[in-house]
Every structure is written in structure tokens, then in C-alpha cells.
Amino acid sequence: MLLAVVLTVVALVKGVGSADPIASVLGALSALAALLLSVHTFRRAEAATDPSSRVKALSRAVLAAETRQRAQLVGAGAHRIDLSFIHLPAPANNAAGAAPNGRLADVANYYRRLRPARLVITGEPGAGKTLLAIDLVLGLLTDPGRNPDDPVPVRCSLAGWDPASSFQTFLTEQIHEQFRSQGISHRDAQQLVDHHQVIPVLDGLDEMDRAAVPVAQGRAVRALEQLNTYPAPTGSAPVILTCRTERYTALATLDVRLRESARIEITHVPAADSIAYLTARITDPDRWQPVLDALRASPTGPLARALGTPWSLNLAVAAYEERDPDTLAHLRAPNRLHDFTTAGALRTHLLSLYLPAAVRQHPTGPDRYRPEQVERWLTVLARHLTTTGRTDFVPHAFGELTGLFRVRLLDAILTMIAAVAGLGLILLLTPAQATKEIALASDLIVTAAVIGGASRIAVQNSPPRDFRFARLTTARSFFVILSVALGGGMLGLLVALAFGPPGDAPTLGVGAGIGIAVSLPFGLVHALVGGTVTSDRRRTIGPRGVLRRDLATQFVAGPAIGALAVSMVGLLGQGWFTVRDALDGSQSVDMAKDQILGLLWITLAYGAGFGLTTGSLLSGSATRRYFAVLLLSRKLLPWKLIEFLEWAHEAGLLRMSGDSYQFRHKELQDWLSHR
């Protein structure tokens, strides 16, 4: 690397005043190539020399993320129920070391005794499968005897996996997507997976298929087939899987299950544990005394069964501990819980009370939205997820709500508006009529290409854009710049040979130099667009930040790149002759300066307008389609959709997963979607 720096400096110094401009320019470019290649090689080598650093970084990131998730799931007061579970052995291919039963507090030790380390967690809706998986992850990471190089448990949602791609590819993408803000690059994630330094904790096997899909034809079957062949150096690779009891039982009936694993089933919360939990959460035990007495008197009755899951207990406390904000009087009496004769009716009743309670108990904005508004908007989102078979929703990919064709059409109109705005800027600021005609012709072509691209690309395949200037240090970007510049130099040399004096070496050198100078900006722009305008972002900034950055790419970065390219071409091309005439005495220095300043203004204006127009094609698609969906769904969703989703996230109704949102509780999504 030091040698490359020295070569670059020497080449630049030697090139000043050289009689051979081609040699000096090519020497400098060659030395710069060596410098960039050495920097790129050094960075890759440095990252590869310490594989344990990737494990430590991922471990810290997972620990922080799951600690936050657990706090949100447990809720106010951090009270939890020590769930119990039993082992349900399969007819064959069971993991060794599984105890007949266990509890939440000791689930990490239970898992460590399994050989191989493959566990399936099943339970009824709301039984606490996700909470058990999170506690297992935290228990493994905080174990005092943990080796720093031990594999890191990483929890992923299975809902978005298409088993047509390999499980290793899916796991790599999930790790990178979740933890890129902590510096886990795609390359880091791939090496972690390839070296078996990750224990996949796969949440929601039952969410891979809709209820109407036959079990034998669902994605879950193909997913289990891949997991059963997921390799490890010592045999079957460690896997932790969660699934609803009904779905996993249906799969097992078809002899489709996770091989060489231990299946555990979370049991109903005993009445005594429900009493202990309620006593810890409520503020006035006398109000709840009839409920507590009923649980003691009938520990297997409808009330005990309805309150037999952590989710239903949390619903009951949230609904019946709600108070009037002015008088602080409780709004409901808990003895109403006795009016329901079945567990299903009681759960439906609690769910109907949960949303209004969550709205009024919002930590920062309880009066911002009315409960009926929140229920209506969340019902739209829940039905959208149920219809499309997804578990998370991205704000700029709601085309199915209003029809993909309508979204594409409106997107094309918005794209045309941005392109016409850039064209208007060019026509307004460009003085020469001939230049205006050239600008009009070129931008009409670009506008047509933009509109065509906007109308053809599928809505869900238009990810947000972002800039990554670090990509310019890669060998690929440098060779793009170098090849374009050298191509321009060769073209300039050919022009000089064709139109210059025969055998005039200075003319040939000037022609090659001008060709390189004019072509270099285009190579830079090509590398910037191809290497930095990308959906592969290194930072997770949330859905709002993603759309803001996508919008900035179109209206800031696009014009900036266009202005840079056109200005460099104009100044280096025409400016060369202006300065030459001034030095030869053909015109005064002041006149040359005025020409250069005028040229700079014209090229900046044209470049900004051109960049704004082309920026509509290169980026901004996610933001435009987000606005298109909002305009087409005015009666379905709020105008300030992102603000509402963030508010619902703060209320505990939604959770944020990378650049998308999910319902915090699948039971709430199911209830809303079937209303």
C-alpha cells in the first residue's frame, strides 16, 4: 500500500511539465489504480484476519435487540410467567438428552443438553412461543460459561422465506438485513453462516402458509425438507423452530417434521400462576377478588382456560386496569369476566377492549387518534397481510391495496412531473436557443425512458435507494472509471489523427488529453450510479428514514451528479480552448474569466436539470410509489401513514423489523382480519 502511494506521488510530480501528456496522464492513472486496488485488498484482508470479531459483533447486536424485544413483549412492570413445557417425542429420529418437562427459567440449560441441538417449540396461539424463544436466545448469550467463539443464536421470521432459494442464502440475508446497522455486512453474514457460527432460531413455521393452503402443498413442507438436510461438520446443524401446535401436528401426521430434534409443547398457565401474575400486575386486589376466587374454585373452568396464556392475561390486565384520564376511576369492573361461558368468547371480548385501551394508554400521544380510527386502519393492514400471505408490510409496497396497475399509472405521472421539472429548469436557465433545442430533444428521450420504466417495473420490486460512496474504493468502480477515461482518450487520439497535422506529436497529445478529460466525468458518474445508488444499504434507519433517503437521492444526489458531470465536461472541454486563447493573447484574461464563469453557470444549470430528470429513473421509485399508494387509498389509510405506523409502534400494537412493520401479536392480526 505504501509503495502505491509513493508511485502515485512520483507519477503526478513527474507528469507536471512533461512533454508527453499521454504518458503523464496514463502513469498517474496507473499509479492511482494500484493505490485503490491496494486499499481494497488491505480492507478485505483486514476483515478476514479476525473472524472472531464478527462473532463478537453479532453477539452484541443480538443481545441488545432481543433484550428490547423481550421488554416490549413482557410489557409494563416486566412481570412474566415462568412457563412450563413438556416433551412430546416423535416415533423416531428424536434428539437425545431431552427431559420429560421443563420451565422457561431453565430453557437454556434444557437446550444445551440436546444432542444434536435441534429443538421445536410448539404451543397454542398466545401461549408464549416467541417469548420462550427470546429467553432461550438471551440465556445462551448470557451464560457465564459461554465461549466467545461459540455460535450466536439469531432469531428470524420464516414468513418471508421462499424455499425455492437455499436456507443458507435466506439466513445470510436475514442476518445482514437485521444487523447491518451494527456493521454486519453481507460478506460478514455469509462467512458466519458458512463457518457454522450461527444457530438459526426460526420463528413462525405456521406463518409460511395461509390456512386455505393444503398442508402437503405449503411452503412449510419444503422448508422442513431443507432444514433436515442443513449440514454441519458434526452432523445435523443446530436449529431452533417455533410453530403453532395445530400446524405442526398436521405436518407430523404427514411424516414431515424436523428430524433429530426434541419437540416441546408449552402447557396452559395453571390457575395458581395466573393468580400470581394478576396479583403482581393489578393495583387494587379487592376489585379483582371475584376473579381470583373463581380461578381458585375452578382451576379448569372456562375462565381459567381463557386466561391460560400469557397473551390473554396481558389483555385482561390492559382492558380492566384502564382508568378515566380525568377522574382516574377504573372504566370497567373485572367481575364482568364471569359473563362468558366459553374461552373463545372471552378472548374475543378481551381483544375488542384491547385496542381502545392501548390507544388511551399511549405513552406520548393518547389523544392523537380516535380508537375507531385506529381499529379501522389496522383492520385494513391486517386484511392486506392475510390476503397476501405476508407477516410484515413495507409502506412503499402497498400496491395490492389499490391495484398494481393504478399505482404504476400514477407513478408514471409523478415521474413525468419530476422529469418535466428538470426540463423546465434547463429551458429557464439556458440562454442559447440552439442549446435549448438540444436540451429539449435529449430530455424528451430521457423522459420517455423514465415513464416507460415507471410503468413496467413491478411495485414490489422497487426497493428504496441510497448512496454508498465507499463503493468507489472497490476495484470494479475504479476500472469502470479507468476504462471510460481511456476509451475517451483513444477517441480523442483518433480525432487528432484524422483532423490534425500529420505526425504532430503535441496535437496528438492534446487530443488524447482532451478525450480523457471529457470522458473522465462520465466514467465517474457511471461508477457513482452503478456503485453507490443501490438498495443494499449498510444502515437500518427505519421506514421513515429509508423514504427520506430515497427522496434525497432523487432530488439532491441526482441533480448533484448531473451538475458535476456536465460542468466538468463543459469546463474541461471548452475551458481548455478559452484558457489557451488567453495565454496566446487572442483574448484578454478578463474576457476568458467571464467566459469560464458564464460557462460554469450554464453547465451547472443544465447539469442540475438533467440530473433531476435522470434521477427519476435512477432512484426515487420507492418514495413516488409511497405517495401513489397514499393518493389512491385516501379512504382506507391515513394521509400521514408513516406517522401513524410509528405511533402504533410506540403503543405496542406494531413492531419494527428493519424497514418494515409487523403486528406485535399474531392473534391481534388474525382477529382484525376476520372482523
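Along the sequence shown, residues carry numbers from 1.
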Would you indicate whether the side-chain heavy atoms of T309 and I266 approach each other to under 4.5 Å? no
Are the side chains of E646 and Y661 in contact, using a 4.5 Å heavy-atom criterion? yes
Side chains of R54 and Q197: is there a donor and an acceptor less than 3.5 Å apart? no
Criterion side-chain contact (heavy atoms from CB on, under 4.5 Å) on I240 and I121, from CA distance to verdict: CA-CA 8 Å; I240 299 170; I121 302 170; 4.2 Å; yes
Between the side chain of R219 and the main-chain N/O of M208, is any donor-acceptor distance below 3.5 Å? yes
Between CG on residue D194 and OG1 on residue T172, distance to nearest 0.5 Å: 6.5 Å
With the side chain counted from C-beta on, respond yes when L672 and L351 share a heavy-atom pair under 4.5 Å apart, and no when they do not. no
If we ignore hydrogens and angles and just use 3.5 Å, is the side chain of H674 paired with the main-chain N or O of D670 as donor and acceptor? yes
Scanning both residues in full, the closest heavy-atom pair of A304 with S298 reads CB-O, 3.7 Å
By side chain to side chain contact (heavy atoms under 4.5 Å, CB included), R370 pairs with (sequence neighbours left out) E372, Q373
Between Y110 and L136, does a side-chain contact (heavy atoms from CB on, under 4.5 Å) hold up when you go through it step by step? CA-CA 9 Å; Y110 187 96; L136 175 53; over 6 Å; no
Side chain to side chain donor-acceptor pair (under 3.5 Å): which pairs involve residues 346-356, sequence neighbours left out? Y320-H349
Which residues satisfy the salt bridge (charged side-chain N to carboxylate O under 4.0 Å, His left out) test with R112, sequence neighbours excluded? D143
Is the backbone N or O of G204 less than 3.5 Å from a side-chain atom of T242, with the two atoms forming a donor-acceptor pair by type? yes
Please confirm whether the backbone N or O of A237 pairs with a side-chain atom of R118, one donor and one acceptor, at under 3.5 Å? yes
For V380 and L636, work out which heavy atoms get closest and say how close. CG2-O, 3.6 Å
Main-chain N/O of R155 paired to Q178 side chain as donor or acceptor, under 3.5 Å: yes
State, to 0.1 Å, how close A357 and A318 come at their nearest heavy-atom pair, and which atoms those are. CB-O, 3.6 Å
Side-chain contact, heavy-atom cut-off 4.5 Å: L653 with L355? yes
Considering residues at least two apart in sequence or located in another chain, which fulfil the ring pair (Phe, Tyr, Trp, His ring centres under 6.0 Å) criterion with Y111? none
I'd like to check the side-chain hydrogen bond (donor to acceptor under 3.5 Å, both in side chains) partners of R305; sequence neighbours left out, ordered by chain and number. none
Show your reasoning for whether side-chain contact (heavy atoms from CB on, under 4.5 Å) applies to L119 and S261. CA-CA 5 Å; L119 178 68; S261 67; over 6 Å; no
Validation row: L337, L350 side chains within 4.5 angstrom (heavy atoms): yes
Please name all residues satisfying salt bridge (charged side-chain N to carboxylate O under 4.0 Å, His left out) with E650, sequence neighbours left out, ordered by chain then number. none
Pair R244 + E265: basic N to acidic O under 4.0 Å: no
Going through the distances and angles, do D150 and V55 end up as a side-chain contact (heavy atoms from CB on, under 4.5 Å)? CA-CA 8 Å; D150 285 348; V55 177; over 6 Å; no
According to ring pair (Phe, Tyr, Trp, His ring centres under 6.0 Å), who are the partners of W671, at least two apart in sequence or on a separate chain? none
Will you find, in the side chains of S166 and T169, an N or O donor that is under 3.5 Å from an N or O acceptor? yes
Does any non-hydrogen side-chain atom of Q190 lie less than 4.5 Å from one of S185? no
For L307 against S274, the heavy-atom pair lying closest together: O-OG, 3.4 Å
Rounded to the nearest 0.5 Å, what separates atom CG in L254 from atom OG1 in T249? 11.5 Å
Does any donor atom in the side chain of E260 or S236 lie under 3.5 Å from an acceptor atom in the other side chain? yes
Which residues satisfy the side chain to side chain contact (heavy atoms under 4.5 Å, CB included) test with L385, sequence neighbours excluded? R390, F393, F663, Q669
Of the non-hydrogen atoms in L346 and A306, which two are nearest, and what is the gap between them? CD2-CB, 3.1 Å
Looking at K666 and E207, does any basic side-chain N land under 4.0 Å from a carboxylate oxygen? no
Could you give the distance from CZ (R187) to CG (L192), rounded to the nearest 0.5 Å? 11.5 Å
Test item: side-chain donor near acceptor, D203 and T130, under 3.5 Å: yes
Tightest non-hydrogen contact, residues A651 and A358, listed as CB-O, 4.3 Å
CG of L258 to CG of L202: how many Å apart, nearest 0.5 Å? 9.0 Å
Taking the side chain as every heavy atom from C-beta outward, state whether L278 and I275 have any pair of such atoms under 4.5 Å apart. no
Have D162 and S165 got a donor and an acceptor in their side chains that come within less than 3.5 Å? no
Tell me whether E66 contacts the main-chain N or O of L138 through its side chain, where contact means a donor paired with an acceptor under 3.5 Å. no
Can you name the residues that form a ring pair (Phe, Tyr, Trp, His ring centres under 6.0 Å) with Y248, not counting sequence neighbours? none
By ring pair (Phe, Tyr, Trp, His ring centres under 6.0 Å), Y230 pairs with (sequence neighbours left out) F167
Value rounded to 0.5 Å, distance of NZ in K129 from CD1 in I264: 11.5 Å
Identify, with sequence neighbours excluded, every residue that meets side chain to side chain contact (heavy atoms under 4.5 Å, CB included) alongside V154. L58, V62, V152, C156, I175, F179, V198
If only atom types and distance count, is the side chain of R664 paired as donor or acceptor with the main-chain N or O of L654 below 3.5 Å? yes
Return yes if some donor-acceptor pair links the side-chain N/O of N228 with the main-chain N/O of R257 below 3.5 Å, else return no. yes
Once side chain to side chain donor-acceptor pair (under 3.5 Å) is applied, what residue pairs with a partner in residues 84-107 remain, sequence neighbours excluded? D82-R103, S84-T267, N93-R259, D106-N109
Verify, without hydrogens or angle tests, whether T379 (side chain) and E375 (backbone) share a donor-acceptor contact under 3.5 angstrom. yes
In Å and rounded to the nearest 0.5 Å, what is the CG to CH2 distance from L313 to W311? 11.5 Å
Could you tell me if the side chain of R70 sits less than 4.5 Å from the side chain of L131, heavy atoms only? yes
Side chain T122, main chain C243, donor-acceptor under 3.5 Å: no
